[in-house]
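Fair warning: this is a prediction, and the values are worked out from it, not measured in the lab. Residue numbers start from 1 in every chain, and the chains themselves are labelled A, B, ... in the order their sequence lines are given, proteins ahead of strands.
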Protein chains: 2
Amino acid sequence: MANMKQIAELAGVSLGTVSHVLNDTARVREPLRKRVLEAVRTTGYQPSQLARGLRRDKTNILAMIIPDILNPFFPGVVRGAEDVAFSNGYRLVLCNTDNDHGKEVMHLNALRTYLPSGLIVIPSDFSDLTAQTESYRRAGSAVVCIDRLPRNWDGDSVTINNADGAASATSYLIGLGHRHLAVITGPLHLTNSQDRLKGFKRAARQAGLEVPPNYLQETTFDRAGGYAKARILLKMIPRPTAILACNDMIALGALLAIREAGLHCPEDISLIGFDGLDLTETTTPQLSSVYQSSYQLGATAAQLALDRVEKKNTPVRHIILKTELRIRDSVAAPPSNVEVVAAATPKKLRKVAS
Amino acid sequence: MANMKQIAELAGVSLGTVSHVLNDTARVREPLRKRVLEAVRTTGYQPSQLARGLRRDKTNILAMIIPDILNPFFPGVVRGAEDVAFSNGYRLVLCNTDNDHGKEVMHLNALRTYLPSGLIVIPSDFSDLTAQTESYRRAGSAVVCIDRLPRNWDGDSVTINNADGAASATSYLIGLGHRHLAVITGPLHLTNSQDRLKGFKRAARQAGLEVPPNYLQETTFDRAGGYAKARILLKMIPRPTAILACNDMIALGALLAIREAGLHCPEDISLIGFDGLDLTETTTPQLSSVYQSSYQLGATAAQLALDRVEKKNTPVRHIILKTELRIRDSVAAPPSNVEVVAAATPKKLRKVAS
DNA sequence: AATCCGATTTGAAAGCTTTCACTTCGACGC
DNA sequence: GCGTCGAAGTGAAAGCTTTCAAATCGGATT
């Protein structure tokens with residue numbers, strides 16, 4: 001592969017001029033410019049991104065740290081970021097942390113010396129990342145946190161309106177007549193989980209509804225978690241007539257638990273998830289969910305990062321995306337005789353509970 | 001951030017010695033080594049990956065080009081590759097092509113000058129990639145094609161046994177008594193689609209079964225494609241009693257079409273997908289599928305690439321992974337009176353078919 | 001004590017680009 | 001015709017590491 005020096009010779013100009021033509025960093029007279037471009041074309045020359053990065057102190061790389069691409073929520077985020085990166089001439093480096101703070105720090109450390117222009121992070125937990133990200137900032141990288149925020153975060157961020165989303169779903173259920181509302185939240189050390197729970201509580205409070213403590217179950221953001229906690233909820237007396245699952249994977253697990261308990265959704269119990277993944281359309285019944293655009297989350301973050309690369313000293317931005325309640329088949333009015341049923345079939349309930 | 005020169009001064013040794021200690025490229029006496037390591041520790045020094053890559057003519061980057069991370073099959077592949085990359089000190093750059101050859105070539109061109117050690121490609125189509133990948137090889141990068149192969153591919157590859165997988169599913173259906181077997185294939189310009197179709201035909205032939213040409217429908221690897229083609233199939237006389245969908249997304253679409261047609265799976269019609277995605281477990285009925293490990297596909301490819309980085313001149317390897325037929329609820333013996341039903345409702349069928 | 005030898009260590013070059021101070025060139029005004 | 005000025009172009013330095021030929025060191029050999 002040719003290098004710049006050879007292009008310069010071929011075009012009969014100096015090294016500097018080639019660079020100026022390629023980067024449009026100075027005015028170059030047309031004949032020279034043409035000769036340079038021609039030499040580039042014939043040789044198929046491409047500038048070394050490494051030398052370039054070394055000299056400019058940054059590369060056209062965007063780094064992205066997420067929990068796990070296998071979780072169906074994250075591919076959208078990644079794709080959104082990659083699209084924006086690609087159309088701006090950047091490449092995306094992808095790192096999975098498995099929500100392991102140690103692994104997160106390892107990635108953070110290892111990535112740094114590639115001098116990425118931007119770094120997009122979905123924090124593994126509520127650990128303070130200031131120390132690690134500060135070194136990126138010093139090196140001139142733009143850091144954006146998304147989806148959830150680490151402790152003390154004061155940089156750019158993109159999140160969604162978790163509280164309102166959860167509140168809207170909750171209010172909807174209440175509007176349907178539900179009074180026995182349960183919620184299965186994600187890990188409460190994550191800010192998004194916290195906010196969803198807040199929204200749930202707010203909506204309940206506004207409706208004058210008391211939520212017994214054991215109607216609130218915390219678990220991991222996956223199917224197994226949802227399954228386990230839903231089983232517990234379904235054994236309670238009175239049994240909740242509706243469950244808000246704080247993400248779709250939890251909802252999926254809950255749906256399975258409901259089916260296994262011999263109950264029907266939505267006749268016996270209503271269920272609303274969170275995220276609005278594609279797979280909510282292929283379940284039976286189709287799952288209602290608080291939709292959020294994972295794609296836009298990623299795309300916005302990438303744009304934010306790229307913006308900051310351009311203009312270092314713009315004020316910090318904190319973008320909050322909207323959610324949208326998508327009602328499908330998994331919700332209905334509560335069975336009219338819930339209390340009676342619970343009282344009338346103590347044996348069955350007791351049996352299941354044992 | 002400190003650089004090597006400062007470490008050398010701090011440790012009272014030469015630049016070369018620091019490099020040797022860090023890379024273990026020469027024997028260094030213990031006292032010196034200790035001083036170097038100590039200096040590294042106190043300063044928190046990290047070598048510049050850019051300068052390093054520039055000098056060594058390769059970086060610890062693994063590039064991966066896939067169709068679309070939003071397609072549920074690919075996250076597994078990516079995760080497999082990233083895990084292997086990470087545990088070997090490499091980072092993964094992810095590129096989506098949307099099965100667009102032009103975009104694929106753009107990525108290929110742009111990535112080159114980052115000097116990745118390895119390049120893993122799921123080709124967008126059957127276009128010849130030799131020209132593009134050859135330049136990677138010349139630059140010392142290991143190139144591995146996976147999942148499907150481009151025209152004239154003679155380098156390392158990892159694929160699955162598509163033909164056997166499809167054949168096993170087909171044979172299973174035949175064993176259940178099905179005689180009216182239809183298949184919805186993916187795009188036949190993809191080698192994996194071709195091979196799955198071959199397997200289907202082979203199994204049918206071995207059972208002495210004739211498959212009418214219109215029982216073979218080609219479409220894209222997504223839900224919309226499966227839905228559209230299944231609708232067509234369901235209107236045929238005689239209606240097929242079983243459909244082999246050549247991936248799970250197609251199967252999902254087919255399932256929807258079946259339901260919309262007022263039919264029941266598996267009572268009226270059996271359905272087997274391909275890939276064995278997680279979401280096959282959450283449909284109703286649970287979808288039978290030819291499972292393949294996307295994770296292992298990616299992990300193996302990364303390992304292959306890394307191996308070749310170590311030892312340039314090992315013979316080309318072509319690894320073929322096994323599939324596993326996973327039977328769930330979407331298959332059953334054919335209804336006993338198919339012909340009768342089809343004959344008894346000619347009017348309806350004619351109308352739909354027009 | 002002089003040599004020699006293997007083991008260490010060193011210093012400089014090379015890898016490729018951007019950037020910046022400086023030169024050159026042509027035109028313009030006087 | 002000469003000085004001046006802006007625009008265009010140049011060349012060298014800087015950015016950081018690896019690598020290799022060469023230098024050095026310590027001890028063993030004769």
> In whole angstroms, how far is the C1' atom of C:dT17 from the NZ atom of A:Lys5?
Replying inline: 13 Å
> Has the side chain of A:Ser193 got a donor or acceptor atom that lies under 3.5 Å from a matching backbone atom of A:Pro187?
Replying inline: yes
>> In this structure, how many angstroms lie between the P atom of D:dT18 and the CD1 atom of B:Ile7, rounded?
In response: 13 Å
> Between B:Arg148 and B:Pro67, what is the shortest heavy-atom contact and its length?
Replying inline: NH2-CG, 3.7 Å
> How bent is the helix from C:dA1-D:dT30 to C:dC30-D:dG1, comparing axes over its five end pairs at each side, to the nearest 10°?
Replying inline: 60°
> Tell me: CE of B:Met4 to P of C:dA13, nearest whole Å?
Replying inline: 18 Å
> Rounded to whole angstrom units, what separation is found between the CD atom of B:Gln6 and the P atom of D:dG15?
Replying inline: 11 Å
>> Using a strict heavy-atom distance below 4.0 Å, which residues from residues 43-62 of chain A are in contact with DNA chain D?
In response: A:Ala51, A:Leu54, A:Arg55
> Between A:Asp24 (CG) and C:dT18 (C1'), how many Å, whole number?
Replying inline: 15 Å
>> Using modelled atom types and a 3.5 Å cut-off, is there a donor and acceptor pairing between side-chain atoms of A:Tyr136 and backbone atoms of A:Arg112?
In response: yes
>> Testing the 3.5 Å rule here: is there a donor-acceptor pair between the side chains of A:Tyr295 and A:Asp83?
In response: yes
> Hey, are B:His20 and B:Arg27 close enough side-chain-wise for a donor-acceptor pair under 3.5 Å?
Replying inline: no
> Cation over ring, A:Lys103 on B:Phe86, under 6.0 Å and within 45°?
Replying inline: yes
> Please give, in whole Å, the distance from C:dT17 P to B:Tyr114 OH?
Replying inline: 14 Å
> Does a donor on one side chain and an acceptor on the other come within less than 3.5 Å for A:His101 and A:Glu104?
Replying inline: yes
> Under the salt bridge (Lys or Arg N to Asp or Glu O under 4.0 Å) criterion, do A:Arg41 and A:Glu38 qualify, and how do the steps go?
Replying inline: CA-CA 5 Å; A:Arg41 220 179 43 68; A:Glu38 176 63 15; 3.2 Å; yes
> Per the side-chain contact (heavy atoms from CB on, under 4.5 Å) rule, which among B:Arg33, B:Arg29, B:Lys34 passes with B:Pro31?
Replying inline: B:Arg29
>> So does A:Ile146 get a backbone contact from the side chain of A:Thr159, meaning a donor-acceptor N/O pair under 3.5 Å?
In response: no
> Does D:dG15 have OP1 or OP2 sitting under 4.0 Å from an N or O in the side chain of B:Asn3?
Replying inline: no
> Just by protein heavy atoms under 4.0 Å, how would nucleotides 6-12 of chain D read 5' to 3' in B, S and -?
Replying inline: --SSBB-
> Separation of A:Leu22 atom CG from C:dT18 atom P, in whole Å?
Replying inline: 7 Å
> Is it the case that B:Arg317 places NZ or CZ above or below the six-membered ring of B:Trp153, under 6.0 angstrom from the centre and within 45 degrees of the axis?
Replying inline: no
